[in-house]
Amino acid sequence: MHLSELTHPNQLHGLSIYQLQQIARQIREKHLQTVAASGGHLGPGLGVVELTLALYQTLDLDRDKVTWDVGHQAYPHKLITGRYAHFHTLRQKEGVAGYLKRCESKFDHFGAGHASTSISSALGMALARDMQGENYKVVAVIGDGALTGGMALEAINHAGHLPKTNLLVVLNDNEMSISPNVGAIPRYLNKMRLSPPVQFLSENLEEQFKHLPFVGDSLAPEIERVKEGMKRLAVPKVGAVFEELGFTYVGPIDGHNLQELITTFQQAHKHPGPVLVHVATTKGKGYEIAEKDQVGYHAQSPFNLATGKAAPSSKPKPPGYSKVFGDTLTKIAENDRRVIGITAAMATGTGLDILQKKLPDQYIDVGIAEQHAVTLAAGLACEGMRPVATIYSTFLQRAFDQIIHDVCIQNLPVFFCLDRAGIVGADGPTHQGMYDIAYLRCIPNMVLMAPKDEAELQRMIVTGIEHTGPIAMRYPRGNGYGAPLMEEGWEPLPIGKGEILRHGDDVLLVGYGSMVYPSMQVAEILSEHGIEATVVNARFAKPLDTELILPLAQKIGRVVTLEEGCLMGGFGSAIAESLLDAEIAVPLTRIGIPDKLVDHATPDESKADLGLTPAQMAERILKLFSKQPSTVSV
């Protein structure tokens, strides 16, 4: 059978090990070809090919349920559930999503882009099954990186107290999340992988039997029985923690040995109550370059399969915001021992790997644990440190209560740096950073700011570190504008003060963060049509520079706000509230992201769909002045 013929996972039933190995090879080939051509997540899916095939051969996917922790390790799942023919559209507009989506396939039983949700959702399904008197299997597949998340541990704690609830948890242990895992749990799992009994069994026992005189390979079945017996003796040692939590523990087993995986899963399904199968895999399996660089090849832009090198850029680009952030923070930290960079398992993505390499004592990685990261930062701030919690906008959502309860109520100097704010592209709705303005603006004591470019980012880093209370800075994914950077000597910005970038008497454009430069482009288009705009770089969403903005609004008489965030409760809403409170009754138009989910596409495609290109925004404003929009190039 060829992979292209697989449209239903139940077609795996009855296939031989050899046939499954052929499909595994084809999955890796398709996976590699697709990601090399268009970019995307690489290492996670390559590591679970055999795990997926073995698990699905033991399940009836017309009835049984599987939840995958984070969707990017489920690409093999997608390829055997009817999406082979369209897999080349992965992460492209209107193509196959990069994560699981319930609306994409009946086999995507639970959607997830954030980590540590699989066991909770699977347990909910198992409880629903029992309450409704049904009888089907429920499986959660979770990586050891996601196991560092508190939510996964909460779910394990709950499930372990339900001995009559059948649930299988498959721990995909590759010693990695995006970067190497940190903390006591991954260290414990590593000991389990390398424990003397299991290591002895996997590496030495069989070889030593083979070297006995007159034996050779003739004792293979007996060796297997001895190995299984030894493993049962080893389990109380290596699986003690999970056994104490109420799970039946099985493993570690070889995650690339199909026969061992199938046999283990078949046995696990028969065991009553919660069962955890510990599977040891290799991230990037089957592509040597990815196996050797598991961090770099977690995800990749388009690359050459033969060399592993990224496709060359057509022209040099300005540095990315994350790199400018990492470089600048590191230089400041060199001169201020109080500055501590904190990441939740995203060192490379946030630029904090620069700090980690140069000043490891001033760097903390807490694992996939955003709630803990924020309260840890609060504790550091209590004792005079200047913690810089660098967390993607979409992931900081997970620590909302900690921001309020542990930081803002106590008015502690924690500096939140929200990378990937705004539209992020191919990762889709789970990763769009469009809610942070709204969810942070409503919290007392919080200051919100966003730079117009990478040079202003440098000044805002100093501003955030020197501020004596909670403060947050949002900045977008990708490259800057090429603004001249300084090596040192940055000065803080006055809190709550914006700047005028352009003067005009017809309309006031108030841009925030990544929408300031587009505001200037809009103003130029309007000028071509006889409309002159004043453009303000707000810099701060809270507190607003009302001393600057309100008199201009009253004088000019028409206001347009521009933001790369949700309109409901966002920056434009802040301007509207200020105008209302000041009893300034002027027309106000808010341009931003409406109340809808933004699906996966390139950022430019998403902005065009939302009417957020400069030409589209100018056309909308021209309509307010009763001009013909057809003269504007869209």
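Values reported hereafter were calculated over all heavy atoms of this structure, with side chains retained and with hydrogens, waters and symmetry mates removed. Values in this document were obtained by computation on a predicted structure and should not be read as measured data.
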**Student:** Looking only at non-hydrogen atoms, find the nearest pair between A122 and A140 and report the distance.
**Tutor:**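 Result for this residue pair: CB-CB, 3.7 Å.
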
**Student:** Flag the pair K93 and D609 as a salt bridge only when some basic side-chain nitrogen lies within less than 4.0 angstrom of an acidic carboxylate oxygen.
**Tutor:**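 So K93 pairs with D609 through a salt bridge.
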
**Student:** Is the shortest heavy-atom distance from the side chain of I156 to the side chain of I119 under 4.5 Å?
**Tutor:** yes

**Student:** If you look at every heavy atom in V141 and S118, which pair is closest and at what distance?
**Tutor:** O-OG, 3.8 Å

**Student:** Please name all residues satisfying side-chain contact (heavy atoms from CB on, under 4.5 Å) with K596, sequence neighbours left out, ordered by chain then number.
**Tutor:**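 Scan of K596 (side-chain contact (heavy atoms from CB on, under 4.5 Å), adjacent residues dropped) gives P594, L610.
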
**Student:** Does F87 have K30 sitting over its ring (NZ/CZ under 6.0 Å from centre, angle to axis within 45°)?
**Tutor:**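 No.
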
**Student:** Please say whether more than 12 non-hydrogen atoms of neighbouring residues, nucleotides or ligands are located less than 6.0 Å from NE2 in H161.
**Tutor:**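 Open: at most 12 neighbouring heavy atoms sit under 6.0 Å from NE2 of H161.
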
**Student:** Write down the atom of T117, the atom of D69, and the distance for their closest heavy-atom approach.
**Tutor:**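 Between these two residues, the closest heavy atoms are N-OD2, 3.2 Å.
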
**Student:** Taking R420 first and then D427, would you say they form a salt bridge - that is, a charged N and a carboxylate O separated by under 4.0 Å?
**Tutor:**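 Judged by the 4.0 Å cut-off on N to carboxylate O distance, R420 and D427 do not form a salt bridge.
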
**Student:** Rounded to the nearest 0.5 Å, how far does NE2 of H109 lie from OG of S121?
**Tutor:** 11.5 Å

**Student:** Mind checking whether V366 and T343 have side chains closer than 4.5 Å, heavy atoms only?
**Tutor:** no

**Student:** Quick one: salt bridge (Lys or Arg N to Asp or Glu O under 4.0 Å) partners of E605, sequence neighbours excluded?
**Tutor:** none

**Student:** Can you find a side-chain donor-acceptor pair between N10 and D60 that sits under 3.5 Å?
**Tutor:**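 Yes, a side-chain donor-acceptor pair sits under 3.5 Å.
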
**Student:** Consider only side-chain N and O atoms of E50 and N257, and report whether a donor and an acceptor are under 3.5 Å apart.
**Tutor:** no

**Student:** Does some side-chain heavy atom of Y56 sit less than 4.5 Å from a side-chain heavy atom of I80?
**Tutor:**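 SC-SC contact between I80 and Y56 confirmed.
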
**Student:** With sequence neighbours excluded, what pairs up with R102 under the salt bridge (Lys or Arg N to Asp or Glu O under 4.0 Å) test?
**Tutor:**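 Testing R102 for salt bridge (Lys or Arg N to Asp or Glu O under 4.0 Å), a comparison that skips the adjacent residues, returns none.
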
**Student:** Taking ring pair (Phe, Tyr, Trp, His ring centres under 6.0 Å) as the test, write out the residues that go with H431, two or more places apart.
**Tutor:** Y99, H114, F395

**Student:** Are K65 and E134 within salt-bridge range, i.e. N to O under 4.0 Å?
**Tutor:** no

**Student:** One thing to verify: whether D108 and R83 come together as a salt bridge, which I'm taking to mean a side-chain N less than 4.0 angstrom from a carboxylate O.
**Tutor:**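 Here R83 pairs with D108 in a salt bridge, since their nearest N and O are under 4.0 Å apart.
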
**Student:** Let's go through F107 and H8 carefully: what are the C-alpha distance in whole Å and the side-chain angles of both, what is the deciding distance for ring-ring contact (aromatic ring centres under 6.0 Å, His included) to 0.1 Å, and is it a yes or a no?
**Tutor:** CA-CA 9 Å; F107 299 114; H8 193 299; 4.9 Å; yes

**Student:** Can you list the residues that meet the salt bridge (Lys or Arg N to Asp or Glu O under 4.0 Å) rule with D599, with sequence neighbours excluded?
**Tutor:** K101

**Student:** Which word best sums up how the rings of H77 and W68 line up, parallel for under 30°, tilted for 30 to 60°, or perpendicular for over 60°?
**Tutor:** tilted

**Student:** So with a 6.0 Å cut-off around CD of E5, is the heavy-atom count from everything else above 12?
**Tutor:** yes

**Student:** Listed by chain and number, what are the side-chain contact (heavy atoms from CB on, under 4.5 Å) partners of T375, not counting sequence neighbours?
**Tutor:** Q402, D406

**Student:** Go through the steps to decide whether T263 and Q259 satisfy the test side-chain hydrogen bond (donor to acceptor under 3.5 Å, both in side chains), and finish with yes or no.
**Tutor:** CA-CA 6 Å; T263 301; Q259 186 59 68; 3.2 Å; yes

**Student:** Flag the pair I368 / S116 as yes when at least one side-chain heavy-atom distance between them is below 4.5 Å, and no otherwise.
**Tutor:**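 I368 reaches S116 side chain to side chain.
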
**Student:** Under 3.5 Å, is there a donor-acceptor pair between the T58 and H269 side chains?
**Tutor:**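 Yes, a side-chain donor-acceptor pair sits under 3.5 Å.
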
**Student:** Measure across T89 and G95 and return the closest heavy-atom pair with its distance rounded to 0.1 Å.
**Tutor:** OG1-CA, 3.2 Å

**Student:** Just how far is it from atom OG1 of T7 to atom CD of Q11, taken to the nearest 0.5 Å?
**Tutor:**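 Atom-to-atom, T7:OG1 and Q11:CD are 4.0 Å apart.
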
